[in-house]
Structures are given as C-alpha cells and as structure tokens.
Amino acid sequence: MKLLPALKVGDVDPVGAAIGSVSLVVALVGVYLAALAQRPPAPTLAEAVDQLARAVAARETDARRQLLGGHDRTIDVAFDFRPSPAHLAAGAGRHSRLNKVVDYYHRLSPRRMVVTGAPGAGKTVLAVELILGLIEARDAGDAVPVRITAASLDTELPIVKAVEQWLRRHLRQVYQLTEATARVLVENRQVTPVIDGLDEMDTGERPGYGSRAAHVLLAVNAYQHGRAKAAVILTCRTAQYEALEELRVWAHDAARVEIAPVDGRQARNFLTARATDPARWEPVLTAIERASRGPLAQGLSTPWRLTLAATVYDQRDSAGGFVRAPAELATIGTTPERVRDHLLGVLIPAAAALTPPPGGADVERVHRWLAVLARYLNTNATTGRTLGGRTLSGTDLVLHELWPLAGNRPRLVSIAIIVAGTLAGAALMLTWGGFSPFRLAVTGAYTATNFMSVWVAWRAIWPRTKRVDLRRLRTPASRRQLAVGLGSVLVVALGFALAVGIRAGLAVGVMLVSGLVFGFVNRLVFRFTEGVVGVSGPLDPVRADLASGLVFGLVGGLLLGQAVGLAVAFTAGVAVGLVFGLVFALMFGLAGSRYVALLACTRRWNAIWLPWRLGRFLNWAYEAGLLRIAGIAYQFRHRELQDYLATHPLPDPATARS
C-alpha cells in the first residue's frame with residue numbers, strides 16, 4: 001500500500017520536509033548554545049578597570065619611546081601656572097616641572113588640567129608622562145587616564161553627553177571593549193579623558209566661537225561627576241587657547257599651565273645624558289649659552305627639535321663613524337627657521353639609513369609618499385573640508401577613512417565592482433543551460449537583493465568597519481567546537497534541502513535554507529568573537545573588515561553556488577558562487593574594500609602615488625620614528641614635519657647630502 005504518491009521532479013515530500021525542518025532547527029539551536037558557551041564571562045567593574053589600565057600603560061609606554069626618538073631620556077621642562085579669567089581649580093602651584101607633574105595634578109581640585117605651550121614644547125610628552133605616572137600611582141578605585149586625539153572627536157554630537165560618547169567610542173574602537181563594558185566604565189567615571197591636540201581641530205591660530213575646539217571646551221565644561229566637574233586633561237598650543245579665552249571660552253574649574261622654552265642649561269643636561277659622545281656637541285652648547293636669544297638657541301629651544309637634533313647627529317655609518325658633525329648647526333643656524341628646515345630635511349635620510357624602508361624603496365620615494373600624505377592632511381587642515389557631515393582630519397591617517405585622498409574614485413571603483421559582479425552573476429544564472437521562468441525568478445530575487453545592498457553601500461560615505469577576530473580559536477578545543485558546529489549546520493541544511501524535493505524543488509529548498517544559514521553564520525561568528533579584549537592598531541580595523549568580508553563572502557558564495565549547482569549544473573554553481581562570493585565580500589567588507597580601491601587609484605602613473613602595501617609602509621615609518629600612533633590613526637611625529645613635507649614634495653639634494 002502506497003502511503004504517498006510517486007514524486008516527480010520539483011515535487012515536495014511533506015514528511016521529509018518536516019523532518020528536515022525539525023533537524024535543522026535543533027542543529028541551529030545546538031550550535032548557537034555552543035557559541036554562547038565559548039563566550040568568556042563579563043569582567044567585573046574592578047577587573048575591567050585593571051585590564052584597561054594595563055592596556056593603556058603598554059600603549060603609552062610604546063608611545064613615549066617613539067616620541068623620544070627611541071630613547072628613554074626626557075627633558076625636565078618647567079611649566080608655569082597661567083590663571084584663566086575665572087573658574088579656576090584649587091590647589092594649583094605657581095611653578096613645577098615634568099618630573100613632578102603627577103604630584104601637581106593630584107593637588108588639583110577638581111582634577112582638571114590644561115597643558116599649553118609653543119609648537120614642539122613637549123605637550124604630548126608631558127601628557128604621556130602624566131598618564132604613565134598616574135597609572136603607576138593609582139590605587140583601587142582610581143580612574144584610568146586614556147589619551148584621545150582631539151582631531152578624532154565628532155563635534156556634531158550634542159554638548160551635554162559628547163564627552164561620554166567620545167570616550168565610549170574610543171574604548172570600543174581602540175581597546176576593543178564591548179559596548180556594555182565601555183558604558184559602565186564611563187558612567188562610573190572610571191576613565192579620565194586626556195584630549196590631546198585641541199589646536200589641531202581648526203584652521204588658523206584664532207579659532208572662533210563656533211569652532212570645533214570651542215565645541216570641545218563647551219562639552220568639557222558640561223562633563224560632570226555628580227554635582228562637580230569631572231576630571232579631564234587637555235593639551236593645546238598657547239596661541240589657540242588664548243584666542244579662545246578672549247572669546248570667553250575656556251575649560252572651567254581647571255588649572256592651565258604653560259611649558260617654558262628650553263634654556264641652555266637644560267639643553268646641556270639633556271644632550272650630555274643622551275648623546276653617545278657629548279664632547280661632539282660642545283660647539284653647539286657653547287653657542288647656545290653665549291647667545292641665549294640667537295638663531296641657534298631659538299631654533300633648538302623646544303624638546304622636539306633638540307630630540308630631532310640628537311637623533312640626526314647621532315647617526316653612524318657601517319664602520320662606526322658619525323655621519324654628521326653637530327658643529328655644522330652653528331654655521332647653518334642663521335635663522336631659527338633654517339635650523340628647523342635643516343633638521344627636518346636630514347631626518348628622512350637618517351631614518352632610512354638606520355631602518356631600511358620596505359621593498360627596497362629609496363629615500364626619494366619615501367619622501368614623495370610621505371609628502372603626498374602630508375599635502376592631503378594640510379589641505380584638509382587649511383580648508384576645513386567636510387564630507388558626509390564629517391570634517392576631514394588635518395592630522396590623522398586612518399586607513400579605511402583615507403579614500404578621499406584620491407577624490408571620489410575609490411568609492412566609485414568599489415561600487416562599480418559590486419555592480420559588475422552582480423550583473424555577471426545574473427547573466428551566468430540566466431544563460432547557463434538555457435532560459436526558464438524559474439531561473440528568471442531566482443535571478444531576479446538575488447539581483448534585487450544585491451542592488452539594494454549597492455544602494456546602501458553608495459549611501460554609506462563612511463562605512464563602519466566590522467570585526468571578525470578569531471583569536472579565541474587559538475586552542476584546539478575551540479577550533480574543533482566551531483568546526484563541528486559549522487559543519488553540522490551545513491550538513492543539516494543540505495539534508496533539509498534533500499528532504500524538500502528533487503531537482504527544482506531541491507534548488508528551492510537550498511535557496512530557502514541558504515538565507516537562514518547565512519544569517520545564522522553571521523551571528524555565530526560575531527557571538528564567537530565578541531568580548532575579545534585587546535588593543536587595536538591602525539592596521540587592525542582594515543584587516544578585520546577585510547577578514548569579515550572574506551568570511552561572509554565564502555559562506556554566501558558556497559550557499560548560492562550550491563543552490564545554482566543543484567538547479568543548473570556543477571560548473572555553473574562554481575562560477576556563480578565565485579562571482580557572488582566576491583560581491584558578498586565587498587559588501588560586507590565595504591570599509592576595507594574602499595581602502596583597496598584607494599590603493600588601485602594611487603598608482604605611479606597617477607598624479608597621486610602611494611605604495612601598494614601602504615599599511616606596511618606606514619608601519620615602517622612609525623618604527624623609523626617618522627610617524628606616531630594615536631588610537632587607530634597614524635600621525636606625523638610632529639606637525640612641523642607634516643608642514644615641511646607638505647611644502648617640500650621632493651627632497652633637497654643639498655640637505656640630504658649634508
């Protein structure tokens with residue numbers, strides 16, 4: 001006795017479909033629970049604070065070494081209290097020094113401090129010393145100071161909650177904290193913001209009342225801890241801060257201090273402690289002490305330039321001889337500007353000789369590439385350009401946000417590839433093996449879905465990076481569990497499709513289940529990887545975004561290719577899977593694909609030329625002491641270096657040979 005009629009092509013077996021549905025649901029729930037079991041328990045507030053303190057200390061220790069030119073010697077600069085018109089912090093002393101800045105800060109009530117000084121005076125170094133000193137001296141319950149570059153702040157946010165949102169975003173982006181952990185830390189005021197480079201937010205030396213810097217100060221004034229002002233530290237050039245004070249905008253309940261210029265005694269102490277052979281510096285030190293207001297003394301009156309001079313003139317050749325003699329500074333220094341430009345001109349050759357550039361690049365190429373980036377930043381800084389509601393940074397080189405350097409071409413290229421891939425996949429599905437209404441319907445559905453994604457991608461001026469961090473898969477047990485989970489999902493999905501029907505019915509079943517499996521894998525991967533605590537570098541967001549695109553492109557291509565292979569032919573499934581896998585990868589890794597498109601649009605035959613492996617080059621420049629890292633951005637080691645390269649697209653042969 002036949003319980004069911006014989007199946008024809010395209011028919012559906014209801015019993016098999018029901019069994020397949022139940023088994024699929026059971027498998028999905030099982031793997032989902034396995035993924036949840038792999039998640040680490042959320043840390044307590046005290047544990048989260050301690051973890052953050054360790055991560056900040058490691059990051060700022062590395063930043064300190066880099067700012068000091070790979071050395072550990074600092075100049076013990078002096079600073080003086082400069083009272084603002086009103087609303088001052090209590091406990092501010094009249095004078096102090098770098099090596100006592102932690103004690104000075106601890107005496108303030110509330111603990112709010114503004115560090116000002118001339119360009120190169122050592123504001124960032126003082127801020128880093130304060131951060132490390134506070135972490136070393138912290139007791140249980142003390143807040144962790146976290147440095148944020150001012151140029152990265154979104155001044156479109158409402159003033160009342162702006163600082164909290166800046167901090168939360170920074171903790172998630174740079175220190176990879178979860179949203180919940182970042183919120184708890186900020187709400188409990190366990191993080192002290194150290195806003196570095198307020199002067200770099202606007203063009204010119206006199207920011208107006210509506211400037212971005214003024215917005216930050218107003219937000220800082222609204223930042224409370226209970227009924228009192230919350231702790232905060234700021235750095236800014238003296239001229240810009242005083243211009244804002246004239247407009248009656250300053251940090252309330254804060255102590256403003258100004259770093260004093262380096263005098264001859266400080267210069268002698270620093271070079272004697274740092275130089276390999278201090279006697280070589282005697283002509284320079286004697287000239288500075290004899291003419292304390294002369295061009296050489298003024299040209300070397302900041303810690304930045306003294307550190308730069310020590311770096312350049314301590315360079316040695318392969319035989320151990322010194323490449324340059326410091327005494328030449330006494331003859332070059334007819335003006336402070338000539339001293340500055342000479343030091344900046346020989347910095348890249350000295351850095352390249354000490355740390356050879358990757359790929360065999362010569363000094364001229366290194367100079368050209370850095371000059372392209374410097375000109376882009378200076379154009380942003382001097383014009384205040386905006387794009388998509390965001391002011392383009394004049395200091396930060398964030399890889400996945402660097403595509404406007406080549407105009408709109410990278411955006412157009414990435415969208416064009418997605419459109420071309422969608423159309424190519426649709427053509428393959430329609431023409432391979434002949435035309436049919438079923439194939440037309442399936443092709444139309446997938447094409448429409450992809451073009452909706454294209455529309456979303458076009459509107460996303462600044463796509464957010466996605467993170468697939470598989471560091472939790474380092475143990476064999478974790479890798480085995482995830483492999484079993486994903487394998488069971490795919491096997492049950494195929495079994496469900498087989499239960500649905502034969503041939504056309506099979507293809508329909510696979511396609512129906514593909515969407516469910518694809519969405520589940522999406523959530524599974526993020527569930528499995530969220531909660532990983534670490535520190536992000538400038539290369540990490542692009543790598544993670546490209547990795548997420550590859551993961552979802554692989555899964556989407558496999559599922560769609562399987563469906564097409566069953567409905568049409570195996571070769572058709574492979575071709576369509578590859579094409580749509582590429583499309584999925586580009587759409588899910590849109591921020592990373594914009595970066596790749598930028599590299600394609602900045603080749604040597606274009607007016608704008610950058611190396612193919614830009615990330616590797618920028619990382620070399622950081623290790624060589626030409627760039628520094630701030631959050632997930634590269635910055636030029638000093639604004640003077642950026643300005644010099646922006647106005648000198650080619651190296652000066654005479655300077656480079658000197």
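Because the structure is a prediction, the values reported are computed rather than measured. Just so you know, residue 1 is the first one in the sequence shown, and it goes up from there. FYI, side chains are in, hydrogens and waters are out, and symmetry mates aren't considered; it's all heavy atoms of this structure.
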Q: For Arg385, look at atom CZ and say whether over 12 heavy atoms of other residues, nucleotides or ligands are found less than 6.0 Å away.
A: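 Counting other residues, nucleotides and ligands, CZ of Arg385 exceeds 12 neighbours.
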Q: So do the side chains of Tyr241 and Leu234 get within less than 4.5 Å of each other, counting heavy atoms only?
A: no
Q: Quick check: does any side chain N or O of Arg172 sit under 3.5 Å from a backbone N or O of Gln176, one acting as donor and the other as acceptor?
A: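 No; judged by distance alone, with no hydrogens or angles, the pair does not exist.
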Q: Would you confirm whether Thr386, through its side chain, and Thr391, through its main-chain N or O, come within 3.5 Å as a donor-acceptor pair?
A: no
Q: Shortest non-hydrogen contact from Pro83 to Leu88?
A: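 Heavy atoms of Pro83 and Leu88 come nearest at CB-CD1, 3.9 Å.
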Q: With a 3.5 Å distance limit and no angle check, can you tell me whether Arg112 reaches the backbone of Val220 through a side-chain donor-acceptor pair?
A: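 Checked: pair present.
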Q: Can you check whether Phe322 reaches Tyr313 side chain to side chain, under 4.5 Å on heavy atoms?
A: no
Q: Side chain to side chain donor-acceptor pair (under 3.5 Å), that's the test. Do Glu623 and Thr355 meet it? Break it down for me.
A: CA-CA 8 Å; Glu623 293 174 352; Thr355 308; over 6 Å; no
Q: So Val125 and Val77, side-chain contact (heavy atoms from CB on, under 4.5 Å) or not? Walk me through it.
A: CA-CA 10 Å; Val125 172; Val77 294; over 6 Å; no
Q: Tell me the closest heavy-atom pair linking Gly69 and Thr307, and the distance in Å.
A: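 Heavy atoms of Gly69 and Thr307 come nearest at N-CG2, 4.2 Å.
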Q: Parallel, tilted or perpendicular: which describes the rings of His215 and Trp166, with under 30° parallel and over 60° perpendicular?
A: tilted
Q: Can you measure from OG (Ser301) to CD (Gln266) and round to the nearest 0.5 angstrom?
A: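 Rounded to the nearest 0.5 Å, the OG-CD separation comes to 11.0 Å.
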Q: Salt bridge check, Glu187 against Arg168: does any charged N sit closer than 4.0 Å to a carboxylate O?
A: no
Q: Side chain of Glu60, backbone of Leu130: donor and acceptor closer than 3.5 Å?
A: no
Q: Nearest 0.5 Å please: distance from the OG1 atom of Thr238 over to the CD1 atom of Ile259.
A: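 Interatomic distance, Thr238 OG1 to Ile259 CD1, rounded to 0.5 Å: 8.5 Å.
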Q: Checking the side chain of Asp263 only, and the main-chain atoms of Arg265 only, is there a donor and an acceptor separated by less than 3.5 Å?
A: yes
Q: Answer yes or no: is there a side-chain heavy-atom contact under 4.5 Å between Val284 and Leu296?
A: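 Val284 vs Leu296: side chains touch.
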Q: With side-chain hydrogen bond (donor to acceptor under 3.5 Å, both in side chains) as the rule and sequence neighbours excluded, what pairs involving residues 274-286 come up?
A: Arg268-Glu282, Arg274-Thr311, Thr276-Asp314, Glu282-Thr286
Q: Compare every heavy atom of Pro207 with every heavy atom of Leu247, then report the nearest pair and how far apart it is.
A: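 Closest heavy-atom pair between Leu247 and Pro207: CD1-O, 3.5 Å.
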Q: Any side-chain donor paired with an acceptor under 3.5 Å for Asp80 and His95?
A: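 Yes - a donor-acceptor pair under 3.5 Å links their side chains.
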Q: Between the main-chain N or O of Gln224 and the side-chain N or O of Arg189, is there a donor-acceptor pair closer than 3.5 Å?
A: yes
Q: Please report the interatomic distance CG(Asn99) to CD(Glu129), rounded to the nearest 0.5 Å.
A: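 With rounding to 0.5 Å, CG (Asn99) is 9.5 Å from CD (Glu129).
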Q: Can a donor-acceptor pair be found between the side chains of Arg256 and Thr116 at a distance below 3.5 Å?
A: yes
Q: Give, for atom CG of Leu98 and atom CD1 of Ile75, the distance between the pair rounded to the nearest 0.5 Å.
A: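 One gets 9.5 Å once the value is rounded to the nearest 0.5 Å.
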Q: Using a strict cut-off of less than 4.0 Å between a Lys/Arg side-chain nitrogen and an Asp/Glu carboxylate oxygen, indicate whether Arg147 and Asp196 qualify as a salt bridge.
A: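 Yes, charged N to carboxylate O under 4.0 Å.
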Q: May I ask you to check whether His252 and Trp250 place their ring centers less than 6.0 Å from one another?
A: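 For His252 and Trp250, the ring centres are under 6.0 Å apart.
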Q: State plainly whether the residues Asp50 and Arg54 are in salt-bridge range, i.e. N to O under 4.0 Å.
A: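 Looking at Asp50 and Arg54, the cut-off is not met.
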Q: Which atom pair, heavy atoms only, marks the closest approach of Gly264 to Ile288?
A: CA-CG2, 4.0 Å
Q: Does Arg59 offer a backbone N or O that forms a donor-acceptor pair with the side chain of Asp62 under 3.5 Å?
A: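 No.
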Q: Will you find, in the side chains of Glu245 and Ser84, an N or O donor that is under 3.5 Å from an N or O acceptor?
A: yes
Q: Donor-acceptor pair, Arg237 side chain versus Ala118 backbone, under 3.5 Å?
A: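 Side chain of Arg237 to backbone of Ala118, a donor-acceptor pair under 3.5 Å: no, none is there.
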Q: Can you tell whether the side chains of Asp103 and Lys100 come within less than 4.0 Å, N to carboxylate O?
A: no
Q: Can Glu640 and Arg340 be counted as an ion pair, charged N to O under 4.0 angstrom?
A: no
Q: Give a yes or no on whether a salt bridge exists between Glu401 and Arg390, defined as a side-chain N under 4.0 angstrom from a carboxylate O.
A: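 So Glu401 pairs with Arg390 through a salt bridge.
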Q: Classify the ring geometry of Trp462 against Trp403: parallel below 30°, tilted from 30° to 60°, perpendicular beyond 60°.
A: tilted
Q: Stepwise, does the side-chain contact (heavy atoms from CB on, under 4.5 Å) test hold for Val115 with Phe79?
A: CA-CA 9 Å; Val115 180; Phe79 56 84; over 6 Å; no
Q: State the CD-CG distance between Gln642 and Leu370, to the nearest 0.5 angstrom.
A: 11.0 Å
Q: Side chains of Asp154 and Leu157: does their closest heavy-atom pair fall under 4.5 Å?
A: yes
Q: Taking side chain as C-beta onward, heavy atoms only, is Thr155 less than 4.5 Å from Met201?
A: yes
Q: Are the side chains of Asp396 and Ile632 in touch, meaning some heavy atoms are under 4.5 Å apart?
A: no
Q: Take Arg138 and Val144, measure what side-chain contact (heavy atoms from CB on, under 4.5 Å) needs, and give me the verdict at the end.
A: CA-CA 8 Å; Arg138 68 181 294 270; Val144 179; 4.2 Å; yes
Q: Mind checking the CG-CG spacing from Leu271 to Leu285? Nearest 0.5 Å is all I need.
A: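 So the gap between those two atoms works out to 5.5 Å.
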Q: With a 4.0 Å cut-off, would you call Glu246 and Arg206 a salt bridge?
A: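 Salt bridge: yes.
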Q: Inspect the contact between Arg324 and Glu328 and indicate whether a charged nitrogen and a carboxylate oxygen are less than 4.0 angstrom apart.
A: no
Q: Identify the two heavy atoms, one from Ala351 and one from Leu626, that lie closest to each other, and give their separation to 0.1 Å.
A: CB-CD2, 4.0 Å
Q: Examine the side chains of Thr149 and Gln635 and answer whether a donor and an acceptor come within less than 3.5 Å of each other.
A: yes
Q: Looking at Lys123 and Asp199, does any basic side-chain N land under 4.0 Å from a carboxylate oxygen?
A: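 The answer is no: the pair does not qualify as a salt bridge.
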Q: Which heavy atom in Ala127 sits nearest to a heavy atom in Val194, and how many Å separate them?
A: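 Result for this residue pair: CB-CG1, 4.2 Å.
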Q: Find out whether Arg65 and Asp72 are in side-chain contact, i.e. whether some heavy atom of one side chain is under 4.5 Å from a heavy atom of the other.
A: no
Q: Stepwise, does the side-chain contact (heavy atoms from CB on, under 4.5 Å) test hold for Ile159 with Asn221?
A: CA-CA 9 Å; Ile159 286 175; Asn221 290 338; over 6 Å; no
Q: Going by heavy atoms in the side chains, are Phe636 and Arg628 under 4.5 Å from each other?
A: no
Q: Between Asn378 (side chain) and Arg375 (backbone), is there a donor-acceptor pair under 3.5 Å?
A: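 Such a contact is absent between Asn378 side chain and Arg375 backbone.
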Q: In terms of relative ring orientation, are Tyr644 and His648 parallel, tilted or perpendicular, with 30° and 60° separating the classes?
A: parallel
Q: Please check if the side chain of Thr235 supplies one atom and the backbone of Gly197 the other of a donor-acceptor pair under 3.5 Å.
A: yes
